[in-house]
**Student:** 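If you scroll down you'll find the structure; I have some questions about it.
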Amino acid sequence: MRTTLSRRGSGGDLRSTSTRLQYLKGRASVSYDEIEEHKEDLGELRRRVEDELSRDEQKLSFLKGKLGRAKELESLMDRTLSTFDARLLLLEGVIDPIHQETLKLTHARENLNTVGTLLTEVLRYQAVSRDSRTTLDKSPVDGLDDYISTLEKVKEALEFFEHEAPENPEVCVLQELHCNGLAALQAHLGKLVQENSIISTQKELLAMTPSEVLHCPSMLPEDITAAVIKVAGYLIKAGEAATACRVYARVRCDLLASCLEGGGGSWTVAAGGSDTSHGSRTSQGRSSTVRRLKSIRRKSASQLPPGEGGTAAGGSDTVGGGAIARSSNTSGPRGHKRTPSVDKSGDRNFELDPEMDPVKLYEKGSHPFYQYFAAVAVALQREMTLVRRVFADPNLSVHVIKSICVPQITTSIKYGEILIGSMSRRSLRGPAGLCLLDFLLLFADGKQAELTLILGACEDQAIASQFYTMVHSFAQLARQSLLEFQDYTQEGGQKRLPNDGTVHELTSNTTSFLSALHDYTQVAGFLLSWDGATVPDDRSQLGCQSLEEATPTLVRWIGGVLDILCDNIARKARSYEDHALNCIFLINNYNYIFTTIQASSFCRDFRSVDPQVDTKYLSLIQTKREEYKKVTWDHIVEYVSLDAAIDVSGGLSKKQREAIKDKYSGFNEAFDLVVETQVNYTVPDAAVRESVTTDNINLIVPRYKQFDDRYRTSGFTNKNPHKYLKYQADQIEKRLRTLFSGT
């Protein structure tokens, strides 16, 4: 077995060795082939290297030849440059003297040219005063552009002589011409503005739309505006900015004052009564007040920035010999100015009108102070627009705006303070209260942005403080008026009640006033939530709230006032001796309040604040209707009720006949008394009148018909049937329909 394994092992080794030899022979054969291929590649590479070496040797030989030629050229150039340098030295020695002479001649020529130029300028400027005098002696009206260009030449000549020859006599001549020319331009500026201004009346100012106020000033014709801008611009350029501002501001301020004061009429406070105890004393004091206001206005008109003075040169109202008139009754040659109707006395009456109807409500925006202040706001905004066109420099325009606006705002505030003093001594309920609310709405709503803009443009904290103090005083009075109205509703009203039971005057006046508050919701809501003293951080928000905040406050207050009114009316109704008239009176008043709520712009807000408001008033009305039926008809219905003890099928006894007679006669007497009395009562609301009448018919007629049908033919009377059988059922209905007609 071992021999067998040994053989097997030696056989395997032989086979593996044989395989290995065959593999090595194959590899040797492959290596030989590769060597042969590499020999061929090396031979090719050698040939390429030898070719490149041959070409490089040729290039090197060419470069050596070129290098030798370059050395020869270098030697030749060196010899040439040496020769040229020697020649340049010889040339410099010849040219240098000539150059020195040329420099001397050039300097002399420049001096001659300078002298010639100066002589030319001197001769040209020397003639300026002579040539310009003819033009400057004329008015700028004859040719504004030529006048300004001539004045510019005078200024140029004056600057030349002041710099080059200050001792020249022409300096004084030119200075005089220049000063007179500037003065003439100043006078012309004032004349242009005064004679060509288009004066808008107060009515026209109030009718203007915002776009007309901001974009279409229409205060000067366009060509005149262009001329004013040109003259003012030149004066500013000439260093006369202060004078130009002063002249323009004074003329515009005077024209604006005459326009706004020309409204005339008396400024009355619409209130429910008058107090004449202060009349004579106030009348005596008004003229002095007006004089004081005019003095304040003149003083404010002269206010300009420090160093600019309050009048033109010379301390008078004439500028450069051209008088600037202060009269408002000037009509320019162009026919652009309209003369307002001036209140010569300057007096504005702030007293209460004793003939004012206390029942008539105030019409929104109708008070003269409201219209005056609104017109002032529009006029000043237009003035600001025009000023910014004429004076493009913001630093100048703000001073002009202040000079124009401050006097008017000051005057308006003084008028407001006088009005506040007058109103503080009067009853403020009713129309006067609406008037105050209207003032606050003017200050806090439509004109607030304009007023804030104007006050900001004036840059005068004192004026702004005075204005907001006035607004605060108006707000306090307006709040007082609302509280007074609430107190009056609780205790006031005529003690004498209407004989026909119609709506009481207190009810109609109260509901009318409360309905009118809808136009002043934002103001009234603020006042009712305000303590009367606290001032908001942003004073421009004094007197106004958003609708979302103000509406619930106002509606709750109105609801409380109506509750007070109902209590007051109920107390007054107790004065009626006739209980039925008491009921009709309350039905009329409750229904009037209810229908007013229904028709009011606050209706939805009422229901939002108090969802039971309709139910409350309908319940009050229904309760009084039931009470009316009870006190009026219950005892009458008893007369026509059927008596089961009376049997008409058989013969009637004397007692039964007497009982039926008593029922008929009692009904007739009681019914006639009710009809004769209540035919004079009034239910003005047609729907309520029809409803109450229908209730009466439904209550009486069926019962009477049933009663009459049963007993009319029973034979209870034979001698005097007309005495008892007075009415048919249809006659009863007809008579019931005559009730509450007030005849």
Side-chain angles (χ1 to χ4, degrees), residues 100-192 227 229-248 304-324 391 393 395-396 399:
Q100 294 298 327
E101 290 297 324
T102 302
L103 290 177
K104 293 179 181 179
L105 292 174
T106 301
H107 184 66
R109 186 183 64 182
E110 291 176 351
N111 289 338
L112 289 174
N113 289 338
T114 301
V115 171
T117 301
L118 291 174
L119 288 175
T120 302
E121 289 182 348
V122 169
L123 292 175
R124 178 166 65 89
Y125 289 132
Q126 193 76 25
V128 167
S129 61
R130 182 184 66 253
D131 297 339
S132 301
R133 187 174 295 278
T134 302
T135 301
L136 296 181
D137 284 345
K138 298 178 182 178
S139 171
V141 178
D142 299 329
L144 181 60
D145 292 336
D146 188 30
Y147 194 93
I148 290 178
S149 63
T150 301
L151 194 58
E152 185 66 27
K153 292 177 183 177
V154 171
K155 181 182 179 182
E156 183 181 352
L158 179 59
E159 290 175 348
F160 172 80
F161 282 115
E162 287 177 341
H163 183 266
E164 301 294 340
E167 302 299 329
N168 193 309
E170 280 295 306
V171 172
C172 295
V173 177
L174 290 171
Q175 284 178 344
E176 181 183 0
L177 284 174
H178 189 249
C179 290
N180 291 340
L182 290 178
L185 280 181
Q186 294 165 13
H188 184 58
L189 174 63
K191 188 175 182 181
L192 280 175
I229 292 173
K230 183 176 296 184
V231 174
Y234 181 78
L235 290 174
I236 293 170
K237 181 181 177 182
E240 296 293 326
T243 304
C245 293
R246 180 169 57 250
V247 170
Y248 178 90
L304 281 172
E308 296 183 1
T311 58
S316 66
D317 289 337
T318 58
V319 182
I324 299 182
F391 300 93
D393 186 347
N395 294 325
L396 295 178
H399 296 321

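Quick note: residue numbers are just sequence positions, from 1.
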**Student:** Report yes if some heavy atom in the side chain of L105 is under 4.5 Å from a heavy atom in the side chain of R109; otherwise report no.
**Tutor:** no
**Student:** Quick check: closest heavy atoms across L189 and A244, and the distance to 0.1 Å?
**Tutor:** CD2-O, 3.8 Å
**Student:** Within the structure provided, determine whether N180 and L136 are in side-chain contact (heavy-atom separation under 4.5 Å).
**Tutor:** no
**Student:** Are the side chains of E101 and K104 in contact, using a 4.5 Å heavy-atom criterion?
**Tutor:** yes
**Student:** Just to verify, which of L151, V173, V154, D137 counts as forming a side chain to side chain contact (heavy atoms under 4.5 Å, CB included) with S132?
**Tutor:** V154
**Student:** Working to the nearest 0.5 Å, report the span between CD of E176 and CZ of R133.
**Tutor:** 6.0 Å
**Student:** Give, for atom NE2 of H188 and atom OH of Y147, the distance between the pair rounded to the nearest 0.5 Å.
**Tutor:** 9.5 Å
**Student:** Would you call E159 and H178 a side-chain contact if the rule is heavy atoms closer than 4.5 Å?
**Tutor:** no
**Student:** Taking all heavy atoms of A184 and all of P140, pick out the closest pair and write down the distance.
**Tutor:** O-CG, 4.1 Å
**Student:** Report yes if some heavy atom in the side chain of E162 is under 4.5 Å from a heavy atom in the side chain of L174; otherwise report no.
**Tutor:** no
**Student:** If you compare all heavy atoms of A241 against all heavy atoms of L396, which two are closest, and at what distance to 0.1 Å?
**Tutor:** CB-CD2, 3.9 Å
**Student:** Distance from K138 atom NZ to D146 atom CG, nearest 0.5 Å?
**Tutor:** 8.0 Å
**Student:** Taking all non-hydrogen atoms of both residues, which atom of V247 and which atom of Q186 are closest, and how far apart?
**Tutor:** CG1-O, 3.6 Å
**Student:** Answer yes or no: are there more than 12 heavy-atom neighbours, outside K155 itself, under 6.0 Å from its atom NZ?
**Tutor:** yes
**Student:** Between atom CG of L144 and atom OG of S139, what is the distance when rounded to the nearest 0.5 Å?
**Tutor:** 9.5 Å
**Student:** How many angstroms lie between CG in L185 and OG1 in T243, if you round to the nearest 0.5 Å?
**Tutor:** 11.5 Å
**Student:** To the nearest 0.5 angstrom, please state how far the OG1 atom of T106 sits from the CG atom of N111.
**Tutor:** 11.0 Å
